[in-house]
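See structure below.
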Amino acid sequence: MTQPITYELIKKDAKTGARRGRIHTPHGDIETPVFMPVGTQATVKAMTPEELKEMVDARIILSNTYHLFLRPGDDLIAEAGGLHKFMNWDRPILTDSGGFQVFSLADLRNITEEGVKFKSHLDGSELFISPEKSMSIQNNLGSDIMMAFDECCPYPSTYEYTKKSMERTTRWAARCKEAHKRPDEQGLFGIVQGGMYKDLREESAKQLVGLDFPGYAVGGLSVGEPAELMYDVLSFTTPFLPENKPRYLMGVGTPDYLIEAVMRGIDMCDCVLPTRIARNGTAMTSEGKVVVRNATYERDWTPLDHNCDCYTCTHYTRAYIRHLIKAGEILGARLLTIHNLRFLVRLMENVRKAIEEDRLTEFREEFYKNYYHN
C-alpha cells in the first residue's frame with residue numbers, strides 16, 4: 001500500500017532538537033514547522049482560497065468534520081467531488097475528527113463505548129458519531145489528513161476519569177484504522193491523550209505508535225491549563241513519538257505557543273485564534289497584540305506592524321482599519337484576517353530558517369524581546 005502522507009526530516013536545530021521537515025501529501029508538499037489556518041465551514045472566514053494562497057501563502061488548511069457533517073452534510077460534499085473541489089482549494093486539507101466539538105459544543109447526552117449521542121447545536125436534533133461514523137464522514141470529505149475520533153478530557157479531570165478516557169481513545173483509534181476506507185488516498189493520524197498525567201501520556205503514545213499511524217497529534221493540551229504545565233507535558237510526550245512521522249499539536253495559535261511547541265519537537269499547529277480576534281478588531285504583531293479598535297489608534301498613520309510584508313501592512317494604516325472596524329465594515333475584518341494569518345505563516349517561515357541556521361534559541365530571545373516589550 002502506498003502511504004499518502006510521508007515525512008522527510010531535513011534538519012534538526014543543534015541546541016533544541018526542533019525539527020525542520022517536509023510533509024508529502026496528495027495535494028502537494030508542506031514545509032514544516034507549519035501553522036495551519038482553520039476553515040471550519042469549508043472556508044477560512046473572510047478569505048477566498050486565492051487570497052489564502054497569494055496574500056498569506058497558506059500551505060495547508062484545516063476543516064471541521066462536526067460542522068460539515070451538520071451542514072451541508074458530507075454526502076453533499078462527496079457529490080461535489082470532495083472538499084477540495086467543493087471549496088476550490090487545491091492544496092492539502094486536514095480534517096479534525098469532530099470529537100472536540102462534540103464534547104465542547106454539543107448538548108451532550110451520552111458517551112458510551114460505541115460512540116457519542118448528542119444534540120445538534122443548530123436545531124437540537126439528536127445525532128450520533130462513532131469512530132466508524134467519523135471515518136465515513138472524513139472519507140466523504142476527502143481530506144489529505146484525517147484525525148482519529150478521540151475523547152478530549154476537560155481540564156482539570158481526575159486521574160481515574162482521564163485514564164478511562166485515554167484507554168477508550170486508544171480503542172477508538174484502532175476502530176478508526178479498521179473503518180478507514182481510503183488508506184491509499186488519505187492519511188489517518190492518531191491522537192495522544194492522557195490529560196496532564198505523564199504516565200497516561202506515555203501509555204497513550206506507546207499504544208498509538210503500536211497501531212502504526214502515518215502521523216500523530218498531541219490532543220488535550222491548551223484546554224485551560226497554565227502554559228508552563230502545557231510545555232512540561234508536551235516536552236515529556238514528544239520523545240515517545242516516531243522521528244520519521246509528523247507531529248501535530250492541536251489548537252494552539254499564539255506566537256509564543258507556536259515557538260515553544262516547535263522547540264519541543266512539534267511540526268504542525270492550528271488555531272481559530274488569528275481569524276477570530278481579527279473579527280474583534282485585534283491584530284497580532286511582532287510587538288504584541290494591537291487592539292486596533294481602541295481610541296489611541298484614531299490618528300495612527302502607521303501600518304499594523306512595521307516588520308510585516310502582508311497586503312494590509314503595505315497598503316493601509318491603523319487609523320483606517322480602526323475606522324472600518326468602528327463602522328462595522330466587512331473590509332476591516334478582512335484586512336485584519338489577512339494580516340494575522342500572514343503574520344503567523346511568516347513567523348513559521350522565520351522559525352524554519354532559524355532551525356536551518358541552528359539559531360532557534362537566539363531567534364526566540366529576539367522575538368520575545370520585541371513581543372513582550374510592552
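Predicted model only: the values in this text are computed from it and were never measured. Side chains are part of it too, since the values below use all heavy atoms of this structure and drop only hydrogens, waters and symmetry mates. Along the sequence shown, residues carry numbers from 1.
In summary, R359 and E366 do not engage in a salt bridge, as defined by a charged side-chain N under 4.0 Å from a carboxylate O. At a threshold of 4.0 Å, the pair E132-R175 counts as salt-bridged, since one of the basic side-chain nitrogens sits closer than that to a carboxylate oxygen. Between K177 and D212 there is no salt bridge, since no side-chain N of the basic residue sits under 4.0 Å from a carboxylate O of the acidic one. A salt bridge does not link K11 to E356: none of the charged side-chain nitrogens sits closer than 4.0 Å to a carboxylate oxygen. Ion pair K163/E167 flagged as a salt bridge, since at least one NZ, NE, NH1 or NH2 atom sits closer than 4.0 Å to an Asp/Glu carboxylate oxygen. With respect to the salt-bridge test (charged N to carboxylate O, under 4.0 angstrom), the residues E202 and K206 qualify. A salt bridge links R182 to E185: one of the charged nitrogens lies within less than 4.0 Å of a carboxylate oxygen. Between E31 and R22 there is a salt bridge, with a side-chain nitrogen of the basic residue lying less than 4.0 Å from a carboxylate oxygen of the acidic one.
The closest side-chain donor-acceptor pair between H27 and D90, if any, does not fall under 3.5 angstrom. At a cut-off of 3.5 Å, with distance as the only test, no side-chain donor of S286 or N370 sits close to an acceptor on the other residue. A side-chain N or O of D123 and one of S125 form a donor-acceptor pair less than 3.5 Å apart. Between the side chains of T296 and N294, no donor N or O sits under 3.5 Å from an acceptor N or O.
In this structure, the side chains of P274 and F343 stay at 4.5 Å or more apart for every pair of heavy atoms.
Residues passing the salt bridge (charged side-chain N to carboxylate O under 4.0 Å, His left out) test with R318, sequence neighbours excluded: D300. Y161 is linked by a side chain to side chain contact (heavy atoms under 4.5 Å, CB included) to I111, E151, C153, P154, S157, T158, S165, counting only residues two or more places apart in sequence or in another chain.
A pairwise comparison of heavy atoms in I321 and G332 identifies CG2-O, 4.5 Å as the closest pair. In terms of heavy-atom proximity, L208 sits nearest to F213 at O-CD1, 3.7 Å. Residues P4 and P183 share a closest heavy-atom pair of CD-O, 3.2 Å. Pairing each heavy atom of M87 with each of P49, the nearest pair is O-CG, 3.3 Å. Taking both residues in full, the closest heavy atoms of S204 and Q193 are given as OG-N, 3.0 Å, listed atom of the first, atom of the second, then distance.
Between H121 and Y66, the distance from one ring center to the other falls under 6.0 angstrom.
Applying the under-4.5 Å side-chain rule to Ile, Leu, Val, Met, Phe, Trp and Tyr, the cluster around Y159 extends to M166, Y197, L200. With a 4.5 Å cut-off between side-chain heavy atoms of Ile, Leu, Val, Met, Phe, Trp and Tyr, the cluster of F240 takes in F236. Hydrophobic cluster of L62: the remaining members, joined at side-chain heavy-atom separations below 4.5 Å, are I5, Y7, L9, I23, I30, V34, M36, V38, I60, L94, I145, M147, F189, I191, Y248, M250, M268, V272, listed by chain and number.
Sorted by first and then second residue, the pairs that involve residues 68-79 and meet side chain to side chain donor-acceptor pair (under 3.5 Å), not counting sequence neighbours, are D74-N140, D75-N140.
Remark: R264 qualifies as a cation-pi partner of Y231 under the 6.0 Å distance and 45° angle criteria applied to the six-membered ring.
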